[in-house]
Amino acid sequence: MAQLQPARGTQDLLPAQMRRHRRIIETAREIAARYGFAEMSTPIFEFTEVFARPIGEATDIVAKEMYTFVDRGGDEITLRPEATAGIVRAVISNGLAQQAPLKFFYTGPMFRYERPQKGRFRQFHQIDVELMGVAAPQADIEVIACGRQILDALGIGGRVVLELNTLGDRESRAAYRDALVAFYKRHLDDLSEDSRRRLERNPLRILDSKDEGDKRINADAPSNAEYLTPASRDFFDGVRRGLDALGIEYKVNPRLVRGLDYYVHTTFEFITTELGAQGTVLGGGRYDGLSEIMGGPPLPAVGWAAGIERLAMLIEEPPEGRRPVAIVPAGDDAALPALKLAEELRRAGFVVELGYSGNMRKRLQRADKANARVAVILGETELARGAAVLRDLDKGEQEEVPLAELADRLGTFY
RNA sequence: GCGGGUGUAGCUCAGCUGGUUAGAGCGCCAGAUUGUGAUUCUGGAUGUCGCCGGUUCGAAUCCGGUCACUCGCCCCA
């Protein structure tokens, strides 16, 4: 048991795990590109206020989960807990709103100081899609469809379900919130301790409580449908018609509430039952007011984020990379010719494995372990006549090949 | 921040109600095969039994603390 460990909630991505991450990122990048999302990146840390205001002072993320510190210049800095606020800040900073619609794909690490558990880490990675400058439901539909295609392409489409809800516009949301607070205040004595706290911070969250007593109270709670303005209702209908037209299945879940303050209208989550308590694999919604909250121009927007670690736990193990050509020098005189040959073959595009030590037997063992497809054995007698032995490691057959023809012959194996 | 579970070799784990040299499989190393891998056979190395303290003639085993991991709550990707 090693004494030296990574900081709690962080982990090393060794090659096998890294392959999973890459598979997810590359799949998402490719599919997002088909929708016209252009990849961008922002700093990993920002001034604390970039996150604090838009996410919501009362949310857990801001209240207790941010990695915040004062740097040597006295600035208050925070490691980003999510991507959207930084992206919107970048849009404002660079005056990009005029070029709307803007469509961005994003991937990178995020940081939240939480107690780690299955599918939850202090440093984790997300892929992210944002569509800004379009107020119509088409944007929501496109963004959700993109998420659906990525999950399908990763082979886990059948293991997640899409849940959909609307919070309505700000007017609807405020009216519903007031109604809920009034309702819960009448049941204050019966509410769980957690929910009494939620009543102050985020009353919508009580709807999603796992407490049995809360669930009984929730059965009689007012429904948000009654508080939607006609415009909000129309918007939601538009989103649903679009998803129906695309054959994207979803379940309307009126209890689906997103924690971040900046969401309005559409909220959605792709959920799996295979990850314990952390069912949400991809979640997002519309955040029309965020740009203005941050001091920017009006900019309606919708987007989602997906947790790469969570997706990585669901996908099949990706195949290893290209199988190498192993070069095996036999004898000291073959060492430099082997080095030279490896260099030439790499320049020609082959993946080449050249061992560092050992006799031929050892080197062939390593070639096997490296999953090499063929071995090129450079023996002194063959070298003397300008040739090498080409061994097919799958079949166990070999033959002598002139060095001049080697690259062409190797090509037939791939 | 709160509650439960688990810490024995590189990995997966065994070790009954405390008994003296702590085990297996896989992996690793070497040899059979000093110019031929993956198969087979033979041999070998590897552990502060997470850490600190206590009980005891004696602790991997019991007790306390601590740290780490893990699952759940809160919250979220």
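Below, chain A is the first sequence line, B the second, and so on; all start at residue 1. All values derive from a computational prediction rather than experimental measurement.
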TODO: List in chain and number order the residues that pass salt bridge (Lys or Arg N to Asp or Glu O under 4.0 Å) with A:Arg120, two or more places apart in sequence or in another chain; answer none if no residue qualifies.
DONE: A:Glu114
Open item on the list: Show every side chain to side chain donor-acceptor pair (under 3.5 Å) that has at least one partner inside residues 22-40 of chain A, sequence neighbours left out.
Closed with: A:Arg22-A:Glu26, A:Arg29-A:Glu39, A:Glu30-A:Arg34, A:Tyr35-A:Gln149
Open item on the list: Need one value for A:Glu269: base, sugar-phosphate or nothing, where a base atom within 4.0 Å counts as base even if backbone is also close, heavy atoms only.
Closed with: nothing
Open item on the list: So, under a plain 3.5 Å distance rule, would you say the side chain of A:Arg112 forms a donor-acceptor pair with the base of B:A77?
Closed with: yes
- [ ] Give A:Ala305 one of three labels, base, sugar-phosphate or nothing, depending on what nucleic acid heavy atoms sit under 4.0 Å from its own.
- [x] sugar-phosphate
Open item on the list: For RNA chain B, which residues of residues 142-164 of chain A approach it to below 4.0 angstrom with any heavy atom?
Closed with: none
TODO: May I have the distance from A:Phe121 (atom CZ) to B:C69 (atom C1'), rounded to whole angstrom?
DONE: 12 Å
Distance-only check: which donor-acceptor pairs under 3.5 Å involve side-chain atoms of residues 125-143 of chain A, not counting sequence neighbours?
residue	atom	partner	partner atom	Å
A:His125	ND1	A:Glu309	OE2	2.7
A:Glu130	OE1	A:Tyr287	OH	2.4
A:Glu130	OE2	A:Thr84	OG1	3.0
A:Asp140	OD1	A:Arg286	NE	3.1
A:Asp140	OD1	A:Arg286	NH2	2.7
A:Asp140	OD2	A:Thr266	OG1	2.7
A:Asp140	OD2	A:Arg286	NE	3.1
A:Glu142	OE1	A:Lys103	NZ	3.0

Task: Same-atom distance (C1') from B:C67 to B:C52, integer angstrom - done: 10 Å
- [ ] Can you sort out the partners of A:Lys185 under side-chain contact (heavy atoms from CB on, under 4.5 Å), two or more places apart, ordered by chain and number?
- [x] A:Val181, A:Leu199
Task: Residue list, salt bridge (Lys or Arg N to Asp or Glu O under 4.0 Å) with A:Glu226, at least two apart or on another chain - done: none
All N/O donor-acceptor pairs, side-chain side in residues 326-351 of chain A, below 3.5 Å, sequence neighbours left out:
residue	atom	partner	partner atom	Å
A:Arg346	NH2	A:Val352	O	2.9

Task: Integer angstrom distance from the P of B:C69 to that of B:G25 - done: 32 Å
Open item on the list: For a quick test of reading the model: is some side-chain N or O of A:Gln117 closer than 4.0 Å to OP1 or OP2 of B:G72?
Closed with: yes
TODO: To the nearest Å, give me how far apart NZ (A:Lys362) and C1' (B:C29) are.
DONE: 7 Å
Task: For A:Glu76, all residues meeting salt bridge (Lys or Arg N to Asp or Glu O under 4.0 Å), sequence neighbours excluded - done: none
Open item on the list: I need a per-nucleotide contact map over nucleotides 35-44 of chain B, read 5' to 3'. Cutoff is protein heavy atoms under 4.0 Å; write B for the base, S for backbone only, - otherwise.
Closed with: BBBB------
Open item on the list: Categorize A:Arg363 for me: base, sugar-phosphate, or nothing, with a 4.0 angstrom heavy-atom threshold over every strand shown.
Closed with: nothing
TODO: Answer with base, sugar-phosphate or nothing: what part of the nucleic acid does A:Val281 contact at a heavy-atom distance below 4.0 Å?
DONE: sugar-phosphate
Task: B:A38 versus B:A77 - spacing of their C1' atoms, nearest Å - done: 42 Å
TODO: Measure the distance from CD on A:Glu130 to P on B:A77 and round it to the nearest whole Å.
DONE: 12 Å
Task: Side-chain donor/acceptor of A:Arg198 to base of B:C74, under 3.5 Å - done: no
Task: For A:Asp169, salt bridge (Lys or Arg N to Asp or Glu O under 4.0 Å) partners two or more places apart - done: none
- [ ] Mind listing the closest non-hydrogen atom pair of A:Arg198 and A:Ile206 along with its distance?
- [x] CB-CG1, 3.8 Å
TODO: Rounded off to whole Å, could you give me the OH-to-P distance for the A:Tyr263 and B:C76 pair?
DONE: 10 Å
Task: Rounded distance in Å - CG (A:Leu282) to P (B:C76) - done: 16 Å
Open item on the list: Check this for me: A:Arg159, atom CZ, are more than 12 non-hydrogen atoms of other residues, nucleotides or ligands nearer than 6.0 Å?
Closed with: yes
Open item on the list: Suppose you measure atom P in B:U20 against the same atom in B:C29; what distance do you get, rounded to whole Å?
Closed with: 34 Å
TODO: Taking atom CD of A:Glu171 as the centre, report whether more than 12 heavy atoms of other residues, nucleotides or ligands fall under 6.0 Å from it.
DONE: no
- [ ] Write down the distance separating the C1' atoms in B:U46 and B:U21, rounded off to the nearest Å.
- [x] 16 Å
TODO: For RNA chain B, just give me the dot-bracket, please: Watson-Crick or G-U, both distances below 3.5 Å, ( ) intra-strand, [ ] crossing earlier pairs, | paired with another strand, . unpaired.
DONE: (((((((..((((.....[...)))).(((((.......))))).....(((((..]....))))))))))))....
Task: Between P of B:C75 and CD1 of A:Ile271, the distance in whole Å - done: 15 Å
- [ ] Could you check how far CD of A:Glu309 sits from C1' of B:C76, rounded to whole Å?
- [x] 13 Å
TODO: Rounded to the nearest angstrom, tell me the gap between atom CZ in A:Arg8 and atom P in B:U66.
DONE: 14 Å
Task: Side-chain H-bond candidate by donor/acceptor type, A:Tyr227 with A:Arg173, under 3.5 Å - done: no
Open item on the list: By nearest heavy atom, map A:Pro116 and A:Gly283 onto RNA chain B; which one lands nearer the 5' end?
Closed with: A:Pro116
- [ ] Please measure how far the C1' atom in B:C2 lies from the corresponding atom in B:U12, and state the result in whole Å.
- [x] 32 Å
Task: Nearest-nucleotide comparison on RNA chain B, the residue closer to the 5′ end among A:Arg120 and A:Ala7 - done: A:Ala7
Task: Set of side-chain contact (heavy atoms from CB on, under 4.5 Å) partners for A:Arg196, sequence neighbours left out - done: A:Leu188, A:Leu191, A:Glu193
Task: Under-4.0 Å side-chain N/O to phosphate OP1/OP2 contact, A:Arg205 with B:C76 - done: yes
Task: Check: A:Arg115 side chain, B:C76 base, donor-acceptor under 3.5 Å - done: no
Task: Euclidean distance for C1', B:G19 against B:A45 (whole angstrom) - done: 28 Å
- [ ] Taking all non-hydrogen atoms of both residues into account, name the closest pair between A:Arg20 and A:Ala312 and its distance.
- [x] NH1-O, 2.8 Å
TODO: Using the P atoms only, state how far B:G37 lies from B:A32, rounded to an integer number of Å.
DONE: 12 Å
